[in-house]
Every structure is written in C-alpha cells, then in structure tokens.
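Note sheet for the following structure.
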Amino acid sequence: MSIALKNIVLVVQATWSGESLDAVVETVSIDSRSLQNSSHTLFFALVGPNNDAHTYIKDLVHSGVKNFVVQYIPEGCAGKANFLVVQNTLTALQDFAAYYRSTFHFPVLGITGSNGKTIVKEWLNFLLSPDFNVIRSPKSYNSQVGVPLSVVAINEKHNLGIFEAGISTVQEMAQLQKVIQPTIGVLTNIGTSHDEGFVNLEQKIKQKLLLFEHVSVLIYQKNKVVDQCLDPAIQVFSWSFEDPKASVFIFKKQTDAQGTLIEYRYKQNNAAFKIPFQDNASIENAISCLMVLLHFNYDSTLISSRLALLFPVEMRLKLKDGINNCTLIDDSYSSDFQSLKIALDFLESQKKLENKTVILSDIFQSGLSNEVLYAKVAQLILSNNIHRVIGIGHTISEFKDRFQNCITFADTAAFIDNFETLEFANETILVKGARSFEFEQIVSLLEEKTHETVLEINLNAISHNLNFFKSKLQPKVKIMVMVKAFGYGNGGLEIANLLQHHKVDYLGVAFADEGIALKNGGIELPIMVLNPENSSFSAIIHHQLEPEIYCLKGLHAFLKIAKQKNLQHFPIHIKLDTGMHRLGFEKEAIPELIATLKGNPHVKVQSILSHLATSDDLVHRDFTISQINLFETLSSRIILELENHPIRHILNTSGISNYPDAQYNMVRLGIGLYGVSNDPLEQKYLENVGTLKSVISQIRTIAPGQSVGYGRKFMAQSTTNVATIPIGYADGISRGWGNGVGFVIIKNKKATIIGSICMDMLMVDVTAIDCREGDAVVIFGEKPTVSYLAKKLKTIPYEILTSISQRVKRVFYR
Ligand SMILES: *Cc1c(COP(=O)(O)O)cnc(C)c1O
C-alpha cells in the first residue's frame, strides 16, 4: 500500500490539519499496541463502548506515528502530526477500505449466510490456494471493523479474494458491500440464528442479499423464500437436493463410516465426490465449495480429489477423546438455536457410542421468547434421542421440567463442584455453550489427559507461512522448499505431502536417504539432494532424485555412472561457491566445468545455485551483494557457453525478505515455512507451527533445605511444590535450559526449571500455580517461542527445532 494523504482526505471527507499533505501511508492500524505503528501508518482512532482510542494518540505521536483519523484532536496534540478530522472514524475506516478495494481488479468472493461462512471460506481457501494467491479474512473477521481490516491487507500479489460478511442488524450489510465489492456471491445456509436484530426471516434474507447487489453471479441453494427476495437481474448459479432445474442437481447423498458420497448432475453430466464428513452442515458447505470450483471450470476429477481432503475447521465442533472412554464434541463457542441444531446433527453422526449427553448453557440471540425457545430446544433434544441433559445457567434452570432426565446448575462453577457425582463414562458428550460460560473449563475436565510428550504441528500454519512467502515473489518465480533434517524437525513426509498439495516446484533435502524416503512415501515433486555422496549416485538415479554437483570430482563420478547407464539429459544442479566457502565450484574451476559439460548428452544442467552466508544480517549487506554479483557473473558465463536455460537460485528465507531483487527463477524457502523469522516485524506475519508439549507426571511438596535432582543443584529456601515432567535432554532439551535458567508454561504461567535436566525428565517449581498431575505443559510454541529459547540458550532456532529427538511423537493437526 502506498497512498498519499491528500487522496485519503478526499476519500474519508475529512478536514485536515497538521504537517504536510504529501505524507504517504503504507499501513493502517486501529491497535495502539501494534508494533507496526510507524511514521507511515495511518491510525484510525475508533471509539467503542468501553474504549476510546483517542486517549492513546499522545503516546503514539511520541513514538513516531504521524497520521491519524480522529473525531477530535486530543489536547496537546495539535500541530504535532497530521490529523484528518471526521464525523465517525469507523465510517471513515470503511470508506477508506472501500476506496482501497476499488483499486484492485481480481475476482472477489463475498460469503454470507447464517451458518457456515467461516468454514466455507476456510475450505475455499484450502481448495483454491494451489492455483491462486488468495487473500481472505482471518478467522471470522466478518464484522464492521473486521471486514475493512481484512480488505486493507490486500496487496499486488493477490489474485483472488475471499471475504465473509456477518451482520446482526439492518443497515450493516450495505456498508460491508461497499467495502468488499464482491464479484462472485456465495450465500451459505440461511438459518434462524442472530434473529434479534431483524423483524422476520424475509427482512433478514433481504439484508443479507444486499451484499450481492453488484455481483456477476450468485451461488446459492435454491429456496422459495430467497427466490422471492432476489433481484431477477442477478445471474444465479444454484444448487438443490430437490429441484432438477437448479444449475447443479444433487441427486444422491450416501453416508457411511468414512464419510459421504455426493452425486450431482451439471450440464447433463453426472459426477460424484466424497467428503470425510457425515453431518448435513458439512455436506451443504462442501456443496457451496463445489459450486465455486465448478464456476471456476475445475474438472470433476480435480474437484473430487481436492474435496476428499477437507478437514474440520478449528474453533468449532472439535472432536476429542474424553475420560472414561467418552467422546467429546467441543462446541464451547456459541449457543444460538441454529448452531445447536448443527451440533446435535454432528452428535448424531458420531455413532460410536450409544449414550448421548448434552451439556448446554443458556441460549442467546434467538429472537424468541424464552417460553417458545426452550419448548423448541426440548423438542429438538427429544427428537435427537439424547439420554441426559445438563443445563447450566439461570434461564435454562427455570425451564428444567421441559426436559427429560435433566439436571441443572446455576453456573459453570457449580457444575465443576459437582463434577465427580455426574459419573461420565462410555458416552458421547456434546459440550455447547455461549462463550461467557467458559465451557472450556468443562472440556478440560472431561478431556483425556495424554501421557506423553508430543510435538504438535499445525499444518494450517505451514500453509499460511508458505503463502506469506509466496506473496513476496515476483510472478513466475518458482519455489523450492527445504525439508532437510526431517522438515527441520517437524516431520518429513507429512509436510512434503502438504507442500505437494500446494504445488511448490521443488523440494530440497540434504542426503539421498531423505529423498528416497519421500519418494517411497509417494511424493512426486522433483527433489534436489544437497550433499550427495558419490556412493549414493546409483540410488539417486534409481529413485529419480536430482543431485547437486559441487566439485569436479563429483561431476566426473556422476558422469561415469550416467554414461554406464546411458542416461539421457539427467537433471543435475550446479552449486557455485560465491563466498560461503562450504560446497561449490569456485571461479577457477568454471572453465573445466564448462568444458566437461559441453555437449555431454547424459546430463542436463537443471539449475545453477549458490548459498548466501549472511542474508539475515544487514550489517554484511555489501558482502551479500558481492556474493549475488559473483553468482550473476559465473552463472551467466555457464549459461552462455552451455546454451541452455537452467533455473537460477540463490535466496534462502531471509534472502527472500532482504534481497527481493535477487529472486532469479527460484528461491529456496527453509526456516520461514516453519514459522521462524529473525526479523521481528516479519515474525508477526508468520504463524507458529510447532508446539512441544508434555504433561505433569507427579507433584510433591518439599520442605526448606531439601534438594531436587542429580548433584542436589536446587536447594529449597522455603516449602516448594515440585512437578516432574517426562521430557529430558535425550528428547532434545538442552541441559543449559535447567537450573533456574529456563521455564515451561503450565496453566498459562511460567514454571521455572529447578535442578539439572535429566536424560528423560525435568523438574519445575509449581508453588505459585494451581495445577494437578496430568495437566498439560508447554515447552515451546506460541509462548515461549523457539526464537526466544534460542536467544537465551545462545544458539539459533534451527538447532532447537532439529534437536527434538525422533522419539518425540509428532502429531499433525489443522
Ligand atoms: C538449508 C538451506 C536453505 C534454507 O535456508 P533457510 O535459512 O532455512 O531458509 C537454502 N539453501 C541451502 C543450500 C540450504 O542448505
């Protein structure tokens, strides 16, 4: 983004006062704590019910922010920055976002409906991101503030937008339409949730349809009420389970233990796909996705291969293993009537256990009187054959006698006090409540505690990080992802599979064995081997791996085998040493390299590469530039003489960030994929990938003067509660992290590691933490980060990640 302040004054209709209208805005912020606030930030001072951002302006001016959109200039600030004074800062933010949106011309999907918006958005992002650079609203940013903030994140690299819009009263949608300006509309399930702000269903539908006023096509499930409200001028692309006249007719859905097979007719052809879900909501959401793919002319084979990979979207209806052989459905997130229906439907699809229990809080946002509402809820629960109902909250307690086999508690704390008496065992339990009831406490009690140390890998975060770096690449620049050392400790094959789905161009491994394991696991992407030993050349050829050749000796050895096997144009990669002084041809060897390769029919130079020694440290910028220049000279000479067009590549992760002009035809992404950057600003845009977790095995209390662990390195000064965690230096936790230096996180609090770290265990001080045996322990992840550990241990994140031993189980999730 780069917009002159004088244009913004016009767009938001402001009165200006301040330093200079020539200032240029590069980012937008509404959060006074954001590290992004700088001289090129435009800060919108929003006024909320509990918070007026105008009160932070003085500090922001002090820290260097120069441009503000305000409703008034705070005392003492006049003349110290540019102030654009407007009637309403929220409207100004929306107008600004609408203007910014109008400067882009790629397709934008606008999604609304009562249910399924976030899931459809997340799924479409997953389904389309192999082919598009997608910008989408994060999480469920679908509000009056969230939508403009999502939209201002668009940049020149994006070529498809997916934004969701949610409204709770009339008037809001017209505003969101202006901001999103969707070109393709998707209407998901229209239910009865959030009805309070509307007179009736028809009004609600009409309001939602305002989003689609200017779309070129609207995708929706054929429905009488919607059809009555639709502007006949809008081009529609409809689907239906009942009406064969819909553009796509779903004539069969068949559910089995693995999922649901859906058969459809489109343009006189029948086709089918399978999804790993059984519930109706997922089926409808998957069909919405199908429609978008059909609209984009995907063929039915590709569609079915992608839809087969759909996954449950986080934060909703999580399925978990519970205590005493129970299964949990965790929906401790919302409690409207419509989503209760969806959750019960999902519960029904989990047929593993016969007994079903629902733990339900008071229900909000129904638009009905309590009498009517709870009669409907009771009816719904009855028709779903629920064995017992546990109601939590004052209102649901009042209506207890409407339910069969029902017990109620005034609040969550009362439930927890009586937890033992409820005897949960061998049943499926739906935990469903409004956020304010904090049912996550109940989930945590019911959840089975794991007894092991695991490294949890968030695959969504990997996709996010990949897309982040992809968005920095110029068009046509290819991407090789380094998955050496077991994907930097995160898991080789699983990550390679994901990367294959995202259609990266190349994978890079250190040794032939790593590449062979990937090929044997079904990876079809081309794989470059960085350090092939001469003894592995045969295996490399046999498995269609591509060796990096870095010296004349290696070249001659490879050519000899290539000739024996009579290979034709076998791809090899030529590594040049431009200053790293590790592997590679030096300048002096280039003439002989060229002479040897010239006219040789057995191999083909697929790429020429070099590696930067200090791309992360801008102090050595001149050195890096000299490396890049030498690479340019040497590689050009080879290309000229050999008369072919190999791929050239030199940038690793921090090279991508710091030397955007040296992308050549490909970059090699490593640590960044795994969520680590050494630039604090960039770090903010990356998502954490790995979380190393364990559990408390035992807790004891020791008296003053008693010691902990080998060598009695910790002496208690006062009565101390000590927790033992089953992870030690053999798992990859450095001994330097013990003896009061490091800590783990238990119940969101720091627990200092006391005494020396043992081979398989370590001990922490939990005196100040209310915890129990079996509670979860985080060693690193979101907090503390791998980078933090690395800094304190005077090493680099690479070493921490790759040190986690193979005996620690990797668990992948989305
Ligand atoms: C490991 C490696 C990379 C990736 O480096 P990061 O700093 O992790 O991005 C790139 N190129 C080569 C040759 C490597 O060995």
Side-chain angles (χ1 to χ4, degrees), residues 462 465-466 468-470 472-473 477-492 495-496 499 504-512 514-515 518 526-533 545-551 554 572-585 606-618 620 624 627-628 630-631 635 646-660 662-679 682-683 685-686 689-690 786-787 790 795-803:
I462 293 188
N465 297 338
L466 176 67
F468 173 78
F469 285 99
K470 263 191 186 165
K472 292 181 170 262
L473 303 184
V477 172
K478 295 178 193 293
I479 190 159
M480 173 186 284
V481 177
M482 307 311 288
V483 292
K484 57 194 185 194
F486 197 54
Y488 287 47
N490 292 280
I495 291 176
L499 295 169
V504 306
D505 300 281
Y506 258 95
L507 297 180
V509 296
F511 298 102
E514 297 176 309
L518 295 180
I527 300 176
M528 182 180 85
V529 182
L530 289 167
N531 314 5
E533 286 132 55
L545 300 169
E546 303 180 11
E548 173 188 292
I549 302 291
Y550 52 84
C551 64
I572 61 170
H573 301 260
I574 300 294
K575 171 78 148 286
L576 305 178
D577 180 10
T578 54
M580 174 82 176
H581 299 329
R582 185 171 70 176
L583 292 179
F585 290 91
Q606 177 74 4
S607 88
I608 306 180
L609 68 149
S610 187
H611 194 43
L612 297 175
T614 68
S615 62
D616 56 337
D617 189 350
L618 292 174
H620 297 293
T624 303
Q627 276 199 282
I628 293 170
L630 184 57
F631 179 65
S635 61
I647 300 167
R648 287 195 281 180
H649 47 119
I650 190 167
L651 300 182
N652 64 339
T653 300
S654 32
I656 298 172
S657 308
N658 293 332
Y659 300 91
Q663 292 177 0
Y664 287 95
N665 322 98
M666 182 155 83
V667 297
R668 299 188 304 273
L669 178 64
I671 193 102
L673 184 80
Y674 309 100
V676 177
S677 167
N678 67 332
D679 175 351
E682 183 166 276
Q683 184 66 56
Y685 291 98
L686 299 180
V689 170
V786 172
S787 302
T795 178
I796 51 176
Y798 299 74
E799 189 182 34
I800 307 262
L801 283 175
T802 56
S803 298

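Indexing begins at 1, ligand by ligand and atom by atom, following the structure's order.
- Contact residues for ligand 1 (protein heavy atom closer than 4.0 angstrom to any ligand atom): Met482, Lys484, Tyr488, Leu530, Arg582, His611, Asn652, Thr653, Arg668, Gly670, Ile671, Tyr798.
- Side-chain contact between Phe585 and Ile549: present, with at least one pair of heavy atoms (C-beta onward) separated by less than 4.5 Å.
- Counting heavy atoms from C-beta outward, Val676 and Leu686 have side chains that stay 4.5 Å or more apart.
- The shortest distance between side-chain heavy atoms of Ile462 and Asn490 does not fall below 4.5 Å.
- Taking 4.5 Å as the limit, some side-chain heavy atom of Ile628 sits within range of a side-chain heavy atom of Tyr664.
- Side chains of Tyr488 and Ile495 form no contact here, defined as non-hydrogen atoms less than 4.5 Å apart.
- Between His573 and Tyr506, the ring centre distance stays below 6.0 Å.
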